[in-house]
Number of protein chains: 2
Amino acid sequence: MNVRRATIADVARLAGVAASTASVVFSGKTPVSDATRARVVAAAEQLGYTGPDPRAASLRRGRSGIVGVVIGDRLQNAFRDPVTTVMLDGLAEGMAEQDAGLLLLRDGAESGEPGLRSAPADAFVLVGCSGRLADSLAAIRARGIPVVVIEGDAGEGVPQIRLDNREAQAVIARHVRDLGHERVALVTLQASVPPHAGWIAGGAPIAVDVTRDRLAGARDVFPDAPAFAAGASSIDQGYAAAEAVLAGPGPRPTAILAQSDLLAVGVIRAVQDAGMVVPDDVSVTGFDGVWVDGVAPLTLTTMVQPAAEKGRAAGAAISAMLAGAEPESMLLSSAFRPGNTTGPPPISRGEPASSV
Amino acid sequence: MNVRRATIADVARLAGVAASTASVVFSGKTPVSDATRARVVAAAEQLGYTGPDPRAASLRRGRSGIVGVVIGDRLQNAFRDPVTTVMLDGLAEGMAEQDAGLLLLRDGAESGEPGLRSAPADAFVLVGCSGRLADSLAAIRARGIPVVVIEGDAGEGVPQIRLDNREAQAVIARHVRDLGHERVALVTLQASVPPHAGWIAGGAPIAVDVTRDRLAGARDVFPDAPAFAAGASSIDQGYAAAEAVLAGPGPRPTAILAQSDLLAVGVIRAVQDAGMVVPDDVSVTGFDGVWVDGVAPLTLTTMVQPAAEKGRAAGAAISAMLAGAEPESMLLSSAFRPGNTTGPPPISRGEPASSV
DNA sequence: TTGTATGCGTTATCAG
DNA sequence: CTGATAACGCATACAA
């Protein structure tokens, strides 16, 4: 069973044709007479030849058909948030069309990790706001390989796939304002690297693009809304953040805007566990609009972002670059989707709005 | 910028040494004098040579340093359950030690999916109980490439990584029985392909190994416990299943054993939404013991399975095969972890136990 | 410690 | 439509 595997040369010899002809039978790049094709196919079958060795083929072609996807340090962190997985799924779909597979890479600064420096990839996709983004980018560019960044702070000349985060968050904020809410609190995504849960101070800089942009959008509508940064995009973190918000100083907010659906679910649960009803006592909004486990039977009021589309757009950008075309960045936009987690604020208990 | 990239030959020429010497400087396989090393490194830097072309290297070596991971049709389905992602993380870790990356492959029966048939992988890992497992297996074996199956029904001769599902489920069932429970219901994982939520009839065959084994373990302790199959391992499906169970015929169970933590969380929530308290009115157990989002502040009583270890074991099996050694299957075992979702059954309301 | 020679398995090119 | 030829870029056995 460990004899040398048959090569295309073996097949050609047995079929009585030239190796190049046999090759063409498999690649289909050039017309071949039915007769010879049949002979080659028969020979291949007889020898158990299942097609060209991908290693040799990629050397010859100068392409491996592999796209490297760089996600954070641990896969489980990257896959925790459904937005990421859906995006990845879109990417997989887009790359499958190009006949390319996804090579998962962690950007660990560790020892010999194969990673960026030695992976046989034709292109790379950097996803998320990894702290090491700059390093990764440098390593890849040194190799002269095309790269696309999804939702990250890449530099000049790198095509980026981004979302209209600020405007989108403003849209949903206006929805809340139009319902009559005035006391609103915000629960944001990770604001610093590494993440640290806590209130976001007035002038503090925010290290993560997405967080900063969405926060700005909310503040466009509610300039003074206090914001609490969660430690991660998860239900539990949303729960903890909401507890902090509800226990916070000043009058209790009548609406809480979360920067992700996962956080929103946590917020909802915390509100409920505090003995209040969503949306009667507190309205809650999310952001993402992908399927979130555990919301039922409620339906989240949220902004639907085209997560799968992000992946597909990255795929498109990559094929463009591979084809020698100019890489094009892309700005995708989100859509408002009403649910039943928002409603008018409860009747004010006699405190004039101006006292807030 | 699109001039031919420098090769090791260029570097060698500039450094005034032979190509093989330059090669050795990068691979480190043979001692090189400091002087020449320095010259080579300098030349490389000057030419912007960042190391050997992985494509050429893999052709020469006969290894690509890539392991293909075949997951279901859509990535998002595979990554929905934290057990899978944790396992994948363990696998990634194991493979990183072997200096190998993970190539994500979908087993879509689609058109020309590159996948199994043409991926430059040194080995494959099939994960989960994909319906197409047999096909995938055949395609891979035809290529003569090592393969490992995790938690799936592979045939003879294929190393498998499995869990002591039956015994583990029996352990937790005994815990529940020892607390005094007698009326117990089961919520199982997907029982058929494609999945269909509903009661599992007496003699009906169960298509999915994991489900069958855990069910058997529970029945070892509670032979007559009714079982409801969820449509997937998710909180929402667990919620729905529990609703069905609570509305089912006969007296209400005092304990519900779920086959996954995600299902258990859904069950808990359904129980609570029905106005009951966990564990006072109904005890609930899970299975998996990985971090589940949204359980807080409760702690699930569950069986902890070594999910990451499964991945690492697969990695070990692969390196063994790659090294020409005999592949070894592995049976991992789970550990009981008490939480606060189980307790003694509520005081019987006058119905003698024998009447159940 | 360094250099020489060879081939890994394909496929693009071009001439028949 | 088919065949001969020449790389693709590298790493190893072996000789020096």
| field | Per-nucleotide protein contact string for nucleotides 10-16 of chain C, where B marks a base within reach and S marks sugar-phosphate only (heavy atoms under 4.0 Å, - for neither) | value | BBB----
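We find that CZ of A/Arg63 is positioned 20 Å from C1' of C/dG9, with the value rounded to whole Å. For B/Arg55 and D/dA11, the CZ to C1' distance is 17 Å, given to the nearest whole Å.
Less than 4.0 Å separates DNA chain D from no heavy atom of any residue of residues 33-42 of chain B.
No donor-acceptor pair under 3.5 Å is formed between the side chain of B/Thr36 and the backbone N or O of B/Val32. The main-chain N or O of B/Asp53 is never found under 3.5 Å from a side-chain atom of B/Arg5 such that the two would form a donor-acceptor pair. Under a 3.5 Å cut-off, the side chain of B/Asp122 and the backbone N or O of B/Gly65 do form a donor-acceptor pair. The backbone N or O of A/Ser58 lies less than 3.5 Å from no partner atom in the side chain of A/Ser64, so there is not a single donor-acceptor pair. Distance alone, capped at 3.5 Å, is enough to place a donor-acceptor pair between the B/Ser329 side chain and the B/Gln160 backbone.
Residues B/Ser23 and B/Ser20 have side chains that never bring a donor and an acceptor to within less than 3.5 angstrom of each other.
Between A/Arg312 and A/Glu93 there is a salt bridge, with a side-chain nitrogen of the basic residue lying less than 4.0 Å from a carboxylate oxygen of the acidic one.
Considering only residues two or more places apart in sequence or on other chains, B/Tyr49 meets the ring-ring contact (aromatic ring centres under 6.0 Å, His included) condition with B/Phe26.
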